[in-house]
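Each remark here refers to the structure printed beneath this line.
Chain A is the first sequence line, chain B the second, and so forth, proteins listed ahead of strands; every chain is numbered from 1.
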Number of protein chains: 2
Amino acid sequence: MKALLPSFESIFSIDCVIFGFDRGELKILLIERNEEPFKDWLALPGYLVAQDESIDDAASRILHELTGLKDIFMEQFHAFGDVNRHPQGRVITVAYFAMLRLNGAKELKPLTSFAKKAFWHPVNNLPALAFDHSEIFEKALQKIKRKITYQPIAFELLPEKFTLTQLQTLYEAVLNRKLDKRNFRKKMLNYGILKELDEKQKGVSYRAAKLYKFDKRKYAKLFKNELSF
Amino acid sequence: MKALLPSFESIFSIDCVIFGFDRGELKILLIERNEEPFKDWLALPGYLVAQDESIDDAASRILHELTGLKDIFMEQFHAFGDVNRHPQGRVITVAYFAMLRLNGAKELKPLTSFAKKAFWHPVNNLPALAFDHSEIFEKALQKIKRKITYQPIAFELLPEKFTLTQLQTLYEAVLNRKLDKRNFRKKMLNYGILKELDEKQKGVSYRAAKLYKFDKRKYAKLFKNELSF
DNA sequence: CTATAATATTGTACAAAGTACACTAAGTGA
DNA sequence: TCACTTAGTGTACTTTGTACAATATTATAG
């Protein structure tokens with residue numbers, strides 16, 4: 001397909017901010033770059049969009065190629081288009097985020113040589129990242145902080161069965177502040193979107209907590225109502 | 001500046017959804033196109049991004065060239081990147097929105113021949129728009145519906161001095177539902193971000209209402225708190 | 001078996017915010 | 001001065017948010 005107006009052509013990329021939650025810590029997925037510019041630097045998984053793919057498709061493909069992860073639902077959140085954000089030319093990027101449960105200890109394995117490796121890194125103490133990726137990450141963090149207060153995205157980060165304490169720890173990690181235990185439970189249970197299971201936590205050396213599941217049906221009914229913290 | 005990886009080049013555009021509020025009606029700014037494709041169709045103001053301008057700068061420039069409007073603060077809200085959204089080739093677009101007061105009866109006058117004219121159109125009964133612009137508009141409308149519930153964007157749509165009834169009518173137009181007068185006033189006045197003036201409405205053939213101003217100082221203090229409707 | 005250590009679980013009183021609802025006041029103009 | 005139109009106001013009730021601490025349960029060590 002021939003472009004119409006060559007003087008307006010730009011290079012276009014996707015960057016992904018993938019959040020995970022593991023042992024009480026919020027993490028994001030980084031790659032170590034294997035190509036210039038910023039060779040050997042840490043960066044968000046990101047690459048160029050081809051002409052024959054939608055940006056949503058490109059996001060899925062790129063994440064897969066750089067990390068091995070497939071079938072991750074990502075949501076677009078911002079385009080970054082400063083002229084000099086890429087040292088070698090004009091590159092506009094659209095950033096996506098996703099939330100991911102880490103329980104399966106999913107294998108991370110780049111499928112291309114563009115990334116040396118992919119790995120999880122705690123969001124606290126992030127090192128300097130390539131390009132404007134630190135800025136992109138910050139914007140994503142702000143986005144999920146807001147979003148967790150009105151949509152049940154937290155459940156995407158937890159294993160299917162979880163305890164209320166785990167849920168609370170996650171909220172605290174994202175919001176970066178302590179919440180009151182009794183009030184948190186009251187509020188969560190009141191929403192009626194948790195299903196209490198007959199099972200209990202296993203393998204802990206203290207009183208085991210009840211396990212819960214997120215009840216998608218009930219949530220769908222309440223969809224217009226928003227949560228707030 | 002030479003592009004690095006020619007096979008990844010795309011054309012890149014900006015589209016603007018500019019909301020205005022006039023005589024109780026929510027409106028948006030449209031242009032009539034003067035170029036193929038979609039010649040003579042109505043469309044959102046939008047054009048291509050040059051290689052040497054940031055996307056934010058491009059948005060301001062494009063709005064100015066197509067409508068004559070200057071110094072409008074726009075906020076980016078979504079990128080649209082389906083492969084076939086433009087009939088003649090791959091064009092990725094980033095959409096911006098803004099809120100504008102129409103009181104000054106600002107003159108709309110395209111500076112380029114790309115648009116025959118620019119004009120306000122009520123958001124109800126919008127005609128079919130060029131490209132995927134109807135979809136872009138819908139997304140913008142959803143965005144401001146959400147946003148008006150937690151940020152005082154309503155004030156950008158009203159004249160500097162306004163009555164509480166005008167403010168309420170605006171909220172009702174954006175949210176597309178009736179609100180209770182007493183509760184609305186109680187809530188608004190409670191936020192403490194309105195300054196009551198010594199003036200009254202003029203030129204009405206019934207009891208004149210008090211005029212208010214939005215108090216930016218007080219709002220800034222409360223910035224972390226959000227409104228909700 | 002008992003004691004200890006660790007976390008799970010629970011309730012109440014108060015404050016703040018949301019909601020439903022209808023009459024009186026003020027200004028205009030005939 | 002009367003009729004019309006919109007401005008302006010309050011109360012009772014419900015819901016939600018918030019501050020705060022003691023008891024229950026289980027695992028493990030001795």
Please write out each protein N/O paired with an N/O of nucleotides 22-25 of chain C under 3.5 Å, distance rounded to 0.1 Å.
from, atom 1, to, atom 2, distance (Å)
C:dA22, N1, B:R182, NH1, 3.4
C:dA25, N3, B:R207, NH1, 2.9

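Atom NZ of A:K202 is separated from atom C1' of D:dT26 by 15 Å (rounded to the nearest Å). Distance A:Y212 OH to C:dT9 P: 6 Å, rounded to the nearest Å. Protein atom CD of B:E196 is 13 Å distant from nucleotide atom C1' of D:dT9, rounded to whole Å. One interatomic measurement links the two molecules: CD of A:Q201 to C1' of C:dT7, which rounds to 9 Å at whole-angstrom precision. Residue A:K186 contributes atom NZ, which lies 17 Å from atom P of C:dT9 at whole-angstrom precision. Distance, B:L179 CG to D:dG8 P: 17 Å, rounded to whole Å. Taking atom CD of residue B:Q166 and atom P of nucleotide D:dG8, one finds them 11 Å apart after rounding to whole Å. As a whole-Å value, the separation of B:L167 CG from D:dG8 P is 13 Å.
A distance-only check finds no donor-acceptor pair linking the side chain of A:H133 to the backbone of A:A43 [under 3.5 Å]. A:R101 contributes no side-chain N or O that, together with a main-chain N or O of A:F21, makes up a donor-acceptor pair within less than 3.5 Å. Remark: side-chain polar atoms of B:T93 are not paired, donor with acceptor, to backbone N or O of B:F80 under 3.5 angstrom.
Within 6.0 Å of atom NZ in A:K147, more than 12 heavy atoms from other residues, nucleotides or ligands are found, so the atom counts as buried in its surroundings. The environment of NZ in A:K116 is crowded: more than 12 heavy-atom neighbours from other residues, nucleotides or ligands sit within 6.0 Å.
For A:A209, the listed nucleotide lying nearest its side chain is C:dA8; candidates were C:dG29, C:dA8, D:dA7. Out of D:dG17, D:dT6, C:dA8, the shortest distance to the side chain of B:Y206 is found at D:dT6.
Between A:W120 and A:L29 the shortest side-chain heavy-atom distance falls below 4.5 Å.
With hydrogens and angles ignored, no donor-acceptor pair under 3.5 angstrom links the side chain of B:N190 to the base of C:dA17.
Listed by chain and residue number, A:E53, A:E65 satisfy the salt bridge (charged side-chain N to carboxylate O under 4.0 Å, His left out) test with A:R61 (two or more places apart in sequence, or in another chain).
Each of A:S205 and A:L164 lies near DNA chain C, and the nucleotide nearest A:S205 is the one positioned closer to the 5' end.
Distances shorter than 4.0 Å separate some side-chain N or O of B:K200 from OP1 or OP2 on C:dG27. Proximity of A:K210 to the phosphate of C:dA8: no side-chain N or O atom is located under 4.0 Å from OP1 or OP2. Here A:T165 reaches the OP1 or OP2 of C:dA8: one of its side-chain N or O atoms lies under 4.0 Å away.
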